[in-house]
Amino acid sequence: MTFVSRSLLAASALVAFGAPAFAQTDVKIGYALAPDSHYGVAAAKLEEVVTAETGDDFAFKHFPSSGLGGEREVIEGLQLGTIEATIVSSGTLANFVPDTGVFDIPFLFRDLDHARAVLDGPIGEEILVKFDDVGMHGLAWGEQGFRHMTNNRNAVHTPEDVQGLKIRTMENPVHLAAFNDMGAAPTPMAWPEVISSLQQGVIDGQENPLSVIVSVKLDEVQKYLTLSGHVYSPAMLLVSKPFWDGLDDDQKAAFEKGATEAAAAMRGYVDDVETSGVETLKERGMEVNELSADEKAAFQASISSAYEGYYETYGKDKVDAIVNFE
Ligand code: PAF
């Protein structure tokens with residue numbers, strides 16, 4: 001049998017068994033949280049929209065709950081082209097695009113609307129496009145919400161209450177500087193190690209938004225929740241640059257549309273958990289307190305020298321432009 005007739009035979013066998021007569025492109029999408037988290041909801045929406053727009057061009061393969069490793073490893077996978085897509089926190093992003101760290105400055109944003117307006121506006125866009133220079137393509141800003149502290153040692157009302165507290169932070173120099181300034185004993189750690197470290201008492205606490213605290217059931221390993229809202233936690237939908245460069249214009253438009261809708265779904269999840277999350281966690285047995293305006297001001301005052309460092313790194317003009325953004 002000639003090569004041509006063998007190929008024809010193979011093609012007709014594919015058609016006969018209903019298999020697609022063209023190769024689908026795999027989209028491995030990795031994220032740190034479960035399918036029923038804000039990340040899972042966003043990843044599902046991305047797949048839904050891209051599939052509706054492009055038919056069978058792409059086969060999405062989801063790797064939730066750090067199935068492809070910690071956020072830093074997944075980002076490196078994107079750069080190498082071994083992983084196509086991810087939804088990540090800003091935890092390690094500043095290690096790849098330093099300017100991203102400006103959004104990790106504590107007490108920068110007034111509320112969710114303020115943060116969303118900045119990220120969706122020119123300042124957010126200016127940073128998003130920088131990912132093209134480091135082997136990735138930023139599709140959209142998503143979010144996790146405002147981060148709060150949890151721990152097993154004591155309720156937190158004032159900076160005195162966190163003195164020496166072994167609190168896990170993301171591998172993020174901006175957060176680390178703030179917790180050092182407060183007098184805590186911050187321990188930067190990749191997310192996949194956090195739950196076991198809390199269980200073993202290696203660390204006393206951690207900080208994350210309600211979206212994470214509720215979906216990961218941190219109440220099972222933490223007693224006190226302090227609604228400190230000390231920092232906003234952006235997220236980002238990213239694809240690998242080699243993957244992005246291989247798409248045609250229609251496919252790119254489909255991913256852009258999918259990412260916009262995914263980010264909206266993520267924000268919708270955050271809105272819901274912001275209203276119901278505290279009750280849920282109280283019912284599950286957590287002891288919850290919310291910082292009063294004065295208590296919050298005391299925390300803000302306690303990180304004044306970290307703020308000097310932020311001004312030096314990012315420029316006071318840039319920080320003020322974000323604070324004053326309407
Ligand atoms: O704390 C973190 O590292 C992040 O907020 C998490 C939980 C991995 C979600 O991106």
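Values below: every heavy atom of this structure, side chains too, minus hydrogens, waters and symmetry copies. Counting starts at 1 for both ligands and their atoms, following the listed order. Quick note: residue numbers are just sequence positions, from 1.
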Practice task
Using a strict cut-off of 4.0 Å, indicate which atoms of ligand 1 neighbour a heavy atom of Met170.
Solution key: 1 (O), 2 (C), 3 (O), 4 (C), 5 (O)
Practice task
If you have a sec, work out which protein heavy atom is nearest atom 5 (O) of ligand 1 and how many Å separate them, to one decimal?
Solution key: Asn208 OD1, 2.7 Å
Practice task
Kindly indicate whether the side chain of Pro234, heavy atoms from C-beta on, has any atom under 4.5 Å from the side chain of Glu143.
Solution key: no
Fill in the blank from the handout: min-distance protein heavy atom vs atom 7 (C) of ligand 1 -> Trp191 CD2, 3.6 Å
Exercise for the section: Check the surroundings of atom NZ in Lys257: do more than 12 heavy atoms from other residues, nucleotides or ligands lie under 6.0 Å from it? Expected result: no
Practice task
Just say parallel, tilted or perpendicular for the rings of Trp244 and His137, cut-offs at 30° and 60°.
Solution key: parallel
Exercise for the section: Starting from atom 3 (O) of ligand 1, locate the nearest protein heavy atom and write down its residue, its atom name and how far away it is, to 0.1 Å. Expected result: Arg168 NH2, 2.9 Å
Problem - N or O contact, Arg147 vs ligand 1, cut-off under 3.5 Å - result: yes
Practice task
May I ask you to say whether Arg116 pairs ionically with Asp120, meaning some side-chain N is under 4.0 Å from a carboxylate O?
Solution key: no
Practice task
State whether the side chain of Asp204 and the backbone N or O of Lys166 hold a donor-acceptor pair below 3.5 Å, judged by distance alone.
Solution key: yes
Practice task
May I ask you to identify, for Met189, whether its side chain, its backbone, both or neither come under 4.0 Å of ligand 1 on a heavy-atom basis?
Solution key: neither
Practice task
Using distance alone, determine whether Glu207 and ligand 1 share an N or O pair under 3.5 Å.
Solution key: no
Fill in the blank from the handout: When rounded to the nearest 0.5 Å, the distance separating CD of Glu76 from CD of Glu71 is 12.5 Å
Handout entry: Contact check: Glu71 vs ligand 1, nitrogen or oxygen atoms, below 3.5 angstrom
Key = yes
Practice task
Considering only NZ, NE, NH1 and NH2 on the basic side and carboxylate oxygens on the acidic side, decide whether Asp271 and Arg267 come within less than 4.0 Å.
Solution key: no
Exercise for the section: Answer side chain, backbone, both or neither: which part of Gln144 comes under 4.0 Å from ligand 1, heavy atoms only. Expected result: side chain
Problem - Region of Ala32 engaging ligand 1 - heavy atom pairs below 4.0 Å - result: side chain
Problem - Arg168 and Ser197, any side-chain heavy atoms less than 4.5 Å apart - result: no
Completion exercise
Short version for Tyr39: what comes under 4.0 Å of ligand 1, heavy atoms counted, is side chain
